[in-house]
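In the text below, chain A, chain B and the rest are named by the order of the sequence lines, each starting its count at 1. In this text the structure is predicted, and so the values were computed from the model without any measurement.
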Amino acid sequence: MNEPKRYLVTSALPYANGPLHIGHLAGAYLSADIFVRYLRLMGKDVVYIGGSDEHGAAITIRAKKEGTTPRAIIDKYHELFEDTFQKIGISFDKYHRTSEQIHHETSQDFFRALHKKGEFVEQTTEQYYDEDSKQFLADRYIIGTCPKCNHTEAYGDQCENCGSTLSPTDLIEPRSTLSGNKPVLKTTTHWYLPLDKYEAWLREWVETGLVDSEKTHDPKAWKNHVLGQCKSWLDGGLQPRSMTRDLDWGVDVPQEIEGAEGKKLYVWMDAPIGYISATKQWALDNDKDWKPYWQDKDTALIHFIGKDNIVFHCLIFPAILKAEGNYILPVNVPANQFMNLEGRKISTSKNWAVWVHEYVQEFEGREDELRYNMIRNMPEQRDSEFTWKGFQDTNNNELVNNIANFINRVVVLTNKYYEGSVPEIDQRHLVNSSVAQGESASYKEELRILFDGLRNVGANIKKYEFRAALTALMEISSKGNQLLQFNEPWKKQKTEPEDVKVVMNLGIQIVAALSVACRPFLPFTSDNLRGILNLPAIEEKGEWQAMLDTLEKEEAIIPAGHQINKPSHLFTKISDEVIAAQIAKLEATEAANKGVEYEAVKDTIQFDDFSKLDLRTGKITAAEKMKKAKKLLKLTVDLGFEERTVVSGIAEFFKPEDVIGQEIVLVANLAPRKLRGVESQGMILMSENEKGELGFVSPPKDWITGFTVR
RNA sequence: GGCGCGGUAGCUCAGGUGGUUAGAGCGCAGGAUUCAUAAUCCUGAGGUCGGGGGUUCGGGUCCCCCCCACGCUACCA
């Protein structure tokens with residue numbers, strides 16, 4: 001494949017429902033930011049797109065819960081996202097939002113196009129409709145009595161009391177959460193994308209890179225886990241997926257289409273199109289044409305995402321793009337895995353996270369320090385881990401001791417020996433090689449080493465191997481330290497000043513190269529370093545390429561005679577106290593999470609209701625693991641007067657051999673139900689603690705089985 | 001249960017198509033050095049490459065089985 005003419009790079013749209021944490025950064029934003037900054041530095045035509053994902057039922061439900069409007073919620077998070085990204089240096093060309101008019105129009109146009117081409121399959125089903133509110137009710141907007149446990153507040157998709165997965169029509173006495181009225185069943189039509197029909201070409205595209213016999217990407221360049229995940233879905237057989245929902249918050253299905261009233265686009269149809277509408281807005285703002293970026297075969301489209309989004313970006317969105325017909329498909333989807341925090345999964349709901357907006361506030365001016373650690377531990381091939389101790393170590397050992405110290409040494413010596421003026425050199429004077437101790441090297445040979453080092457950084461970035469690229473960057477700095485160490489200018493200055501000039505000139509060239517090469521990773525440091533060197537700020541317009549061109553000719557990047565500024569420290573150490581405070585913050589979270597939360601007592605029932613239950617003491621006499629089920633055990637329960645077979649979801653906590661002989665309480669008159677092909681005749685009472693662990697509710701030891709409990 | 005990515009030095013991780021004594025950074029030990037934010041440089045110790053079989057002259061690398069962690073999915077009466 002040829003070098004693309006232009007690049008369109010996207011980062012996953014964060015959902016406007018909670019703040020950004022370090023996992024987001026490490027997953028989809030830093031990698032993309034490094035990539036696009038590098039491309040810009042190489043003089044490439046690149047547009048980097050992001051935006052807030054502001055639709056979907058979760059936002060409406062949250063608004064309802066907090067007594068506010070969806071609009072207020074999305075505004076709050078959109079502002080927070082924009083501010084946070086800007087402060088941590090994610091260099092979007094356009095950070096947009098899906099609530100904008102242009103986005104609604106763009107996604108509706110997409111829908112129209114697919115509808116017109118007959119790509120959709122229409123399917124009509126019966127769903128609940130609220131006649132007062134005049135709208136169909138999403139599963140979560142219907143509550144009623146659970147058919148399984150008789151809980152009166154079960155949702156249409158799930159009963160939170162017994163955990164059953166439900167469908168709204170399962171509910172007894174359903175009522176609308178909007179009006180409280182009884183909803184009526186009404187037919188509704190939805191538009192399905194027949195993914196099953198696209199399966200063949202999707203498979204060929206993913207596995208070989210061929211679309212309509214044209215090579216569009218190299219599958220070997222895709223990550224293993226991305227290919228594996230795609231193949232897993234393809235092998236499982238793709239199902240038609242509804243592209244519309246009966247909701248009141250989202251993009252309207254184009255109203256001229258029959259039956260569109262009250263219908264919204266499915267968020268996973270609407271959100272990725274957000275990349276396109278944001279590109280349109282960028283083009284309007286900058287007087288450009290958006291179309292080549294999405295429709296020209298010479299454009300490389302790259303989606304940076306976390307592993308949870310693989311199926312949408314590698315199968316569903318490409319299917320939508322191809323069905324429309326005018327669009328290119330992504331050349332790569334370099335999904336990252338997840339980043340854990342101090343040994344545990346990051347959890348927004350448990351507040352187990354390092355929030356980026358808090359970091360930029362508490363560590364103002366230390367944005368690059370977090371970026372550095374995130375990149376160094378980026379979960380490129382497998383899950384990785386952030387620890388505050390590790391953060392301190394990488395800062396103190398690598399940023400301070402290696403790179404900042406090297407730069408400081410060069411700047412201090414240049415000021416001391418030459419009053420800050422880059423020394424004129426005589427190239428006949430050789431230096432001790434920075435890479436082979438004891439051997440000598442010419443000025444030009446050392447420039448070549450620097451050139452190779454820079455190329456190595458760039459090559460790794462283009463391969464999406466950002467950790468390796470960062471290591472390559474640090475190697476340049478390490479070689480700088482070696483150059484000084486092997487040549488000892490502080491000793492030779494008195495005896496061989498001409499040799500020292502060559503060494504120090506090289507030192508300055510390396511520092512100047514670092515000011516460009518660190519840019520994708522550490523943009524703020526790049527600015528600071530340019531200031532120390534008294535060089536113009538980087539605009540990310542081909543500077544890296546220009547530098548390579550110069551070095552390839554074995555010429556200096558900074559000419560002799562250039563005046564640099566006084567030294568100042570680029571990075572400073574982070575103390576144990578600062579780290580301890582952050583760890584204490586996490587420990588406080590942990591302590592707060594440990595506090596026992598009691599569930600609210602349910603609605604009062606009458607004695608009659610209770611007496612409907614027939615509870616009996618029993619004893620487990622046999623137990624075996626159910627095949628093809630992780631959580632299920634098949635138990636035989638002795639009730640004295642009869643034996644029952646009960647299937648129970650306790651396999652994660654109890655081994656079959658451990659529960660034999662266990663005395664239990666059984667709901668003996670629960671309607672039987674088939675589970676994995678086995679009829680379960682009753683339900684064993686279990687108590688669940690705050691960790692979700694289960695324990696038996698038992699009668700006294702050696703109690704007689706079959707007795708009633710009341 | 002099915003499918004998928006992983007399991008390599010104390011820690012974090014590299015190791016296309018099988019080939020001599022398995023690598024890096026941090027940490028640790030010893031030495032050199034003082035221009036620099038006690039920073040830097042050199043040397044060294046440390047691994048039965050998750051476990052067990054197999055193919056091969058030769059396996060971290062290929063095949064089979066098992067174990068562990070994570071993700072997707074089914075499943076908690």
Side-chain angles (χ1 to χ4, degrees), chain A residues 146-150 159 161-165 220 223-236 306-308 310-311 335 337-338 340 345 376-385 387 389-390 393-394 396-402 404-417 437 465 467-468 470-471 474-475 478 480-493 500 504 507 567-573 625-633 646-653 667 670-676 680-686 688 692 694:
Chain A
C146 174
K148 317 278 169 60
C149 71
N150 292 324
C159 170
N161 183 49
C162 67
S164 315
T165 304
K220 285 199 184 108
K223 295 189 185 188
N224 280 344
H225 72 266
V226 175
L227 285 175
Q229 187 69 250
C230 291
K231 285 179 189 169
S232 172
W233 275 81
L234 289 163
D235 291 345
K307 65 175 162 185
D308 49 340
I310 288 172
V311 63
Q337 308 242 8
F338 289 158
N340 295 320
K345 276 188 259 188
R376 203 182 182 289
N377 291 311
M378 192 175 276
E380 290 177 331
Q381 306 294 343
R382 56 171 118 161
D383 290 356
S384 70
E385 180 168 350
T387 63
K389 184 73 175 68
D393 285 345
T394 55
N396 294 358
N397 298 324
E398 299 176 33
L399 289 177
V400 177
N401 293 351
N402 186 335
N405 184 48
F406 164 66
I407 290 164
N408 196 44
R409 297 169 88 182
V410 171
V411 174
V412 166
L413 288 175
T414 304
N415 272 287
K416 190 183 269 187
Y417 297 160
Q437 198 180 5
E465 292 180 10
R467 301 170 70 125
L470 190 66
T471 304
M474 296 308 282
E475 271 172 21
S478 287
N481 272 320
Q482 287 168 12
L483 180 76
L484 294 181
Q485 208 63 33
F486 296 161
N487 285 285
E488 300 185 306
W490 48 90
K491 274 189 182 167
K492 287 187 185 167
Q493 174 62 2
V500 170
M504 293 315 301
S568 73
H569 291 164
L570 281 175
F571 296 105
T572 55
K573 296 215 170 176
K625 201 146 178 348
M626 291 275 289
K627 281 179 188 166
K628 296 187 176 186
K630 199 193 290 183
K631 299 181 181 177
L632 301 180
L633 287 186
V646 176
V647 178
S648 188
I650 59 172
E652 284 183 305
F653 306 99
V667 183
L670 189 67
R673 184 157 198 265
K674 266 199 173 182
L675 281 169
R676 293 263 140 200
S680 180
Q681 303 156 327
M683 175 172 147
I684 293 172
L685 294 190
M686 305 293 292
E688 183 176 353
L694 297 178

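Looking at which nucleotide of RNA chain B each of A:Val412 and A:Trp233 is closest to, the 5′-most match is held by A:Val412. For A:Val647 and A:Pro489, each mapped to the nucleotide of RNA chain B holding its nearest heavy atom, the one lying further toward the 5' end belongs to A:Pro489.
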Practice item. Could you go through the side chain to side chain donor-acceptor pair (under 3.5 Å) check for A:Gln337 and A:His225 one step at a time? Key: CA-CA 9 Å; A:Gln337 308 242 8; A:His225 72 266; 3.1 Å; yes
Practice item. Evaluate the criterion side chain to side chain donor-acceptor pair (under 3.5 Å) for residue pair A:Gln485 and A:Arg409; output intermediate values, then yes/no. Key: CA-CA 11 Å; A:Gln485 208 63 33; A:Arg409 297 169 88 182; 3.1 Å; yes
**Study point:** Check against salt bridge (Lys or Arg N to Asp or Glu O under 4.0 Å), A:Lys307 and A:Asp383
**Key:** CA-CA 10 Å; A:Lys307 65 175 162 185; A:Asp383 290 356; 3.0 Å; yes
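Residue A:Phe571 contributes atom CZ, which lies 13 Å from atom C1' of B:U37 at whole-angstrom precision. Look at CG on A:Asp393: it is 15 Å from P on B:C11, rounded to the nearest Å. Summarising the geometry, the separation between CD on A:Glu488 and C1' on B:C41 is reported as 9 Å, rounded to the nearest angstrom. Going from atom CD of A:Gln229 over to atom C1' of B:C5 covers 9 Å, rounded to whole Å. B:U33 atom C1' lies 6 Å from atom CD of A:Gln485, rounded to whole Å. In this structure, A:Leu234 places its CG atom 15 Å from C1' of B:U73, rounding to the nearest Å. The separation between A:Met474 atom CE and B:U40 atom P is 10 Å, rounded to whole Å. The CG atom of A:Leu399 sits 14 Å away from the P atom of B:A39 (whole-angstrom rounding).
Nucleotides B:C70 and B:U8 are separated by 15 Å at their P atoms, to the nearest Å. Distance noted for atom C1' between B:G15 and B:C75: 39 Å (whole Å). Distance noted for atom P between B:C3 and B:C65: 10 Å (whole Å). Remark: the separation of the P atoms in B:G23 and B:G44 is 12 Å, to the nearest Å. Annotation: B:C66 and B:G27 have their C1' atoms spaced 34 Å apart (nearest Å). Here, B:A45 and B:G25 have their P atoms 14 Å apart, quoted to the whole Å. As rounded to the nearest Å, B:A14 and B:G50 have P atoms that lie 13 Å from one another. Atom name C1', nucleotides B:G60 and B:G7: the rounded distance is 12 Å, in whole Å.
With a 4.5 Å cut-off on side-chain heavy atoms, A:Ser648 and A:Leu632 do not count as touching. Between A:Met504 and A:Leu484, some side-chain heavy-atom pair lies under the 4.5 Å cut-off.
Look at B:G58: its glycosidic torsion is beyond 90° from 0, and that puts it in the anti range.
B:A32 is paired with B:U40 under the Watson-Crick or G-U wobble criterion, all donor-acceptor distances under 3.5 Å. B:C3 and B:G71 make up a base pair, with Watson-Crick or G-U wobble contacts both under 3.5 Å. Within the shown strands, B:C13 is the pairing partner of B:G23 under the Watson-Crick or G-U definition, both distances less than 3.5 Å.
Among the heavy atoms of the strands lying under 4.0 Å from A:Lys491 are primed sugar atoms or P, OP1, OP2 only; no base atom is included. Using a 4.0 Å heavy-atom distance criterion, A:Ser648 is classed as a sugar-phosphate-only contact. Within the 4.0 angstrom heavy-atom criterion, no nucleotide atom of any strand lies near A:Gly390. When heavy atoms are screened at a 4.0 angstrom cut-off, A:Thr471 is found touching no nucleic acid atom at all. Counting any heavy atom pair closer than 4.0 Å across all strands shown, A:Gln337 reaches sugar-phosphate atoms only and no base atom. Among the protein residues, A:Ala468 comes within range of no part of the nucleic acid, since none of its heavy atoms lies under 4.0 Å from any strand. Contacts of A:Leu632 with the nucleic acid, taken as non-hydrogen atoms under 4.0 Å apart, involve only primed sugar atoms and P, OP1 or OP2.
The side chain of A:Asn405 has B:A39 as its nearest neighbour among B:C5, B:A39, B:U33. Set against B:A39, B:C35, B:C26, the side chain of A:Asn397 has B:C26 as its closest nucleotide. Comparing B:G25, B:A39, B:C35 by their closest approach to the side chain of A:Lys416 singles out B:C35. The side chain of A:Ser232 sits closest to B:G4 out of B:A36, B:C13, B:G4. Among the nucleotides B:U37, B:C70, B:C41, the one closest to any side-chain atom of A:Asn481 is B:C41. Here B:G25 is the nucleotide among B:G25, B:U40, B:C5 with the atom lying nearest to any side-chain atom of A:Glu398. Among B:C26, B:C72, B:G6, the nucleotide with an atom closest to any side-chain atom of A:Arg382 is B:G6. The nucleotide whose nearest atom lies closest to any side-chain atom of A:Ser478 is, among B:C41, B:C72, B:C13, B:C41. For A:Val400, the side-chain atoms get nearest to B:U37 when compared with the rest of B:C35, B:U37, B:C42. Across B:A39, B:C42, B:C70, the shortest atom-to-atom separation from the side chain of A:Lys345 is found for B:C70.
Minimum heavy-atom separation, A:Leu483 to A:Asn487: O-ND2, 2.8 Å.
For the pair A:Lys345 and A:Phe338, the cation-pi test (distance below 6.0 Å, angle within 45°) is failed.
Within the structure, every side-chain polar atom (N or O) of A:Lys389 is placed at least 4.0 Å from both OP1 and OP2 of B:C26. At least one side-chain nitrogen or oxygen of A:Asn224 sits closer than 4.0 Å to the OP1 or OP2 atom of B:G6.
Donor-acceptor pairing under 3.5 Å is recorded for the side chains of A:Ser478 and A:Asn402.
Look at A:Glu380 and A:Lys223 and you find no salt bridge, because none of the NZ, NE, NH1 or NH2 atoms lies under 4.0 Å from a carboxylate O.
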